[in-house]
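Structure first, then comments.
Numbering of ligands and ligand atoms starts at 1, following listing order.
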Amino acid sequence: MQVLKELIIEEINKKGKLTFAEFMQMALYHPKYGYYNSDTERVGRFGDYYTSPTVHRIFGELIAKQLEEMWRILGENAFTVVEMGANGGWLCHDIIRCIKEEYPRFYTNLHYIIVETNPYARKRQQLLLDSVDLRNGMVTWHTYKQDGFSFGKVQGCFLSNEFVDALPVHRLKVKNKILKETYVDYNGANFCETDDEVSEPGLKDYLGTNQIYMREGQAYEVNLGAVEWLRHVSEKLHKGFVVTIDYGDTEDRLLHGNTHEGSLRCYFRHTVNRNYYERLGEQDITAHVDFTNLINAGRFVQLEVAGFIKQSHFLIALGILGRLNNTNNDTVTTLKLKNLLHSEVMGEVFKVLIQYKNIENPQLTSLRPLQSITMSNS
Ligand SMILES: C[S@@+](CC[C@H](N)C(=O)[O-])C[C@H]1O[C@@H](n2cnc3c(N)ncnc32)[C@H](O)[C@@H]1O
């Protein structure tokens, strides 16, 4: 998009060069022209990529089941779900509808906060939720900005699906044994990349805290926003859980897997590319989530780890196999359920991290060992 390109060039001229995080912030979140701030549908069949809630409603229904257990663990009191980056609203719709139908006692204690920056997404969410006929004031909308959330302390669960991967990242690399940061510059005709000293001490702290040792030539994306976000989450979470679902892995697997070049990618109409400087504001830019960082950053702010598992484990432990083996399923439903589980689609690339605060060693169904599951109790 030409206007966004010119605005980014203007910013480069002002500052000399931009960190990739600054560039990504403008490409995805410029208030008027950013990819995630437009009225265009980004997720699902008519968008650029699928997310689990857009594949099948069972994803939300199984999360609802897990939330109900969390509500019981917390003493069956008022329970707030805070969903980050709800986008089209499919997940909150499926969760709330399921809780209303299946868990009426939980429903009367439920308050749902949606945190979403895109003003058009909020309208879509409202439209979807209208079909559920909600209790008055049960769902409210709030913001998350640099200084934190726009609501007070809650007891319940912070939930996100593919929120963290959408936060801007810095790009680091080791060149001639020296740590460098990759910046975005403009040469008069095109955007170009240039390596220089790291832009802020927080980046070196990140590598130190997480004990990251990069090899010569290796690139790595650092998501400082995720660390800040967890700090703000813990500030607001009086007691409860944080469920983070996203694609990514632990640091050792990200560093020693086949991502020597880093995991940064663009998505456009269900295809992947690495042309970060093309289709500005019209394609997604995203990097794998470093879950070791979320685990370490969480511990620093009193969020303990209940479990870190693959999405397939999470869904199987909560009972998806019973649904998959339902003989009344049509072929399309069976295929969709398999996509959520399959190792090469969403089942293994996506992970679930569950953290908790101010609770005594919680036992959650989604984390139970899969050996304990037989077809009859799935
Ligand atoms: C990849 S999409 C999420 C997809 C959705 N959760 C799903 O499962 O289909 C990322 C979302 O996070 C939102 N987002 C990014 N930064 C945000 C912030 N600071 N506060 C609230 N929402 C934010 C974006 O607008 C976008 O809708």
Side-chain angles (χ1 to χ4, degrees), residues 21 24-64 81-96 112-125 128 140-151 158-169 223-233 236 243-248 265-268 270 272 281 283-289 311 314-315 336 339-340 346 349-352:
M24 198 167 156
Q25 176 70 32
M26 288 191 79
L28 297 186
Y29 300 110
H30 181 278
K32 202 159 168 199
Y33 305 110
Y35 176 80
Y36 276 121
N37 277 332
S38 100
D39 193 12
T40 312
E41 217 165 308
R42 301 304 191 190
V43 184
R45 188 166 160 211
F46 302 107
D48 297 316
Y49 56 93
Y50 286 102
T51 60
S52 296
T54 59
V55 172
H56 199 276
R57 66 171 196 272
I58 191 155
F59 185 76
E61 291 167 357
L62 293 176
I63 292 178
V81 175
V82 181
E83 187 189 339
M84 293 296 308
N87 201 273
W90 310 276
L91 185 57
C92 56
H93 169 270
D94 296 340
I95 289 176
I96 296 173
Y112 206 103
I113 294 179
I114 296 178
V115 185
E116 171 58 63
T117 36
N118 182 329
Y120 303 101
R122 179 172 169 168
K123 282 193 201 125
R124 286 200 207 116
Q125 293 153 8
L128 263 185
T140 50
W141 278 263
H142 279 273
T143 57
Y144 171 63
K145 298 199 173 133
Q146 264 179 346
D147 55 349
F149 290 97
S150 60
F151 51 86
F158 276 76
L159 169 69
S160 67
N161 183 58
E162 293 206 45
F163 164 71
V164 180
D165 76 71
L167 296 175
V169 291
N223 188 336
L224 291 182
V227 179
E228 269 303 283
W229 169 66
L230 273 183
R231 187 172 68 76
H232 287 298
V233 166
K236 293 295 177 189
V243 177
T244 306
I245 308 172
D246 221 314
Y247 49 87
R265 299 285 183 275
C266 301
Y267 285 84
F268 180 70
H270 300 279
V272 189
Q283 65 176 4
D284 189 22
I285 310 176
T286 171
H288 275 43
V289 172
Q311 175 165 304
F314 180 79
L315 298 176
K336 286 179 171 179
N339 279 346
L340 291 174
M346 287 167 147
V349 185
F350 280 78
K351 310 288 188 311
V352 182

**Prompt:** Any non-hydrogen atom of L91 lying under 4.0 Å from ligand 1?
**Reply:** no
**Asked** Strictly under 6.0 Å, is that where the ring centroids of Y144 and F158 end up?
**Response** no
**Item:** ligand 1 N/O within reach of G85 N/O, cut-off under 3.5 Å
**Value:** yes
**Message:** At less than 4.0 angstrom from any non-hydrogen atom of N87, what atoms of ligand 1 do you find?
**Reply:** 4 (C), 5 (C), 26 (C), 27 (O)
**Message:** Students should be able to answer this: which protein heavy-atom is nearest to atom 23 (C) of ligand 1, and at what distance?
**Reply:** T117 OG1, 3.4 Å
**Item:** Nearest heavy atoms of Y112 and I95, plus distance in Å
**Value:** OH-CD1, 3.7 Å
**Prompt:** What is the closest protein heavy atom to atom 17 (C) of ligand 1, and at what distance does it sit?
**Reply:** F163 CE1, 3.5 Å
**Request:** List the atom of H270, the atom of R45, and the distance in Å for their closest heavy-atom pair.
**Result:** NE2-O, 3.3 Å
**Asked** N/O to N/O below 3.5 Å, does that happen between N161 and ligand 1?
**Response** yes
**Message:** Can you confirm if the NZ or CZ of R42 lies within 45° of the ring axis of Y35 and under 6.0 Å from the centre of its six-membered ring?
**Reply:** yes
**Message:** Taking distance alone, with N or O pairs closer than 3.5 Å, would you say N118 contacts ligand 1?
**Reply:** no
**Item:** Numbering as shown, the atoms of ligand 1 that approach Y29 to under 4.0 Å (heavy-atom distance)
**Value:** 15 (C), 16 (N)
**Asked** Any luck finding a side-chain donor-acceptor pair between N339 and Y50 under 3.5 Å?
**Response** no
**Asked** Looking only at heavy atoms, is any part of Y49 under 4.0 Å from ligand 1, and if so is it the side chain, the backbone, or both, or is it neither?
**Response** side chain
**Fill in**
For E162 and T51 the tightest heavy-atom approach is OE2-CG2, 3.4 Å
**Request:** Output yes when the distance from some N or O of ligand 1 to some N or O of E116 is under 3.5 Å, and no in every other case.
**Result:** yes
**Message:** Suppose I only count heavy atoms of T51 and a 4.0 Å limit; which atoms of ligand 1 are within that range?
**Reply:** 7 (C), 8 (O), 9 (O)
**Message:** Can you see whether T286 engages Y247 through a side-chain donor-acceptor pair at a distance of less than 3.5 angstrom?
**Reply:** yes
**Prompt:** Of all the atoms in ligand 1, which lie at a distance below 4.0 Å from a heavy atom belonging to V115?
**Reply:** 21 (C), 22 (N)
**Asked** Do you know which two heavy atoms are closest between C266 and I285, and how far apart they sit?
**Response** SG-CG1, 4.2 Å
**Request:** Using modelled atom types only, decide if a donor and an acceptor are shared between the side chain of N118 and the backbone of S38 within a distance under 3.5 Å.
**Result:** yes
**Prompt:** Can you list the ligand 1 atoms lying under 4.0 Å from a non-hydrogen atom of P53?
**Reply:** 8 (O)
**Prompt:** Can you name the nearest heavy-atom pair linking V164 to A226, along with the distance?
**Reply:** CG1-CB, 3.8 Å
**Message:** Looking at ligand 1, is there an atom of it that comes within less than 4.0 Å of some heavy atom belonging to A121?
**Reply:** no
**Item:** Any N or O of E83 closer than 3.5 Å to N or O of ligand 1
**Value:** no
**Message:** Which option wins on minimum heavy-atom distance to atom 26 (C) of ligand 1: W229, W90, Y267, Y36?
**Reply:** Y36
**Request:** Please name the pair of heavy atoms, one in S160 and one in W229, separated by the smallest distance, quoted to 0.1 Å.
**Result:** OG-CH2, 4.1 Å
**Item:** Nearest-contact summary for atom 19 (N) of ligand 1 - protein heavy atom, Å
**Value:** Y144 O, 3.3 Å
**Message:** Tell me the nearest of Q25, K145, E162 to atom 2 (S) of ligand 1, using heavy-atom distances.
**Reply:** E162
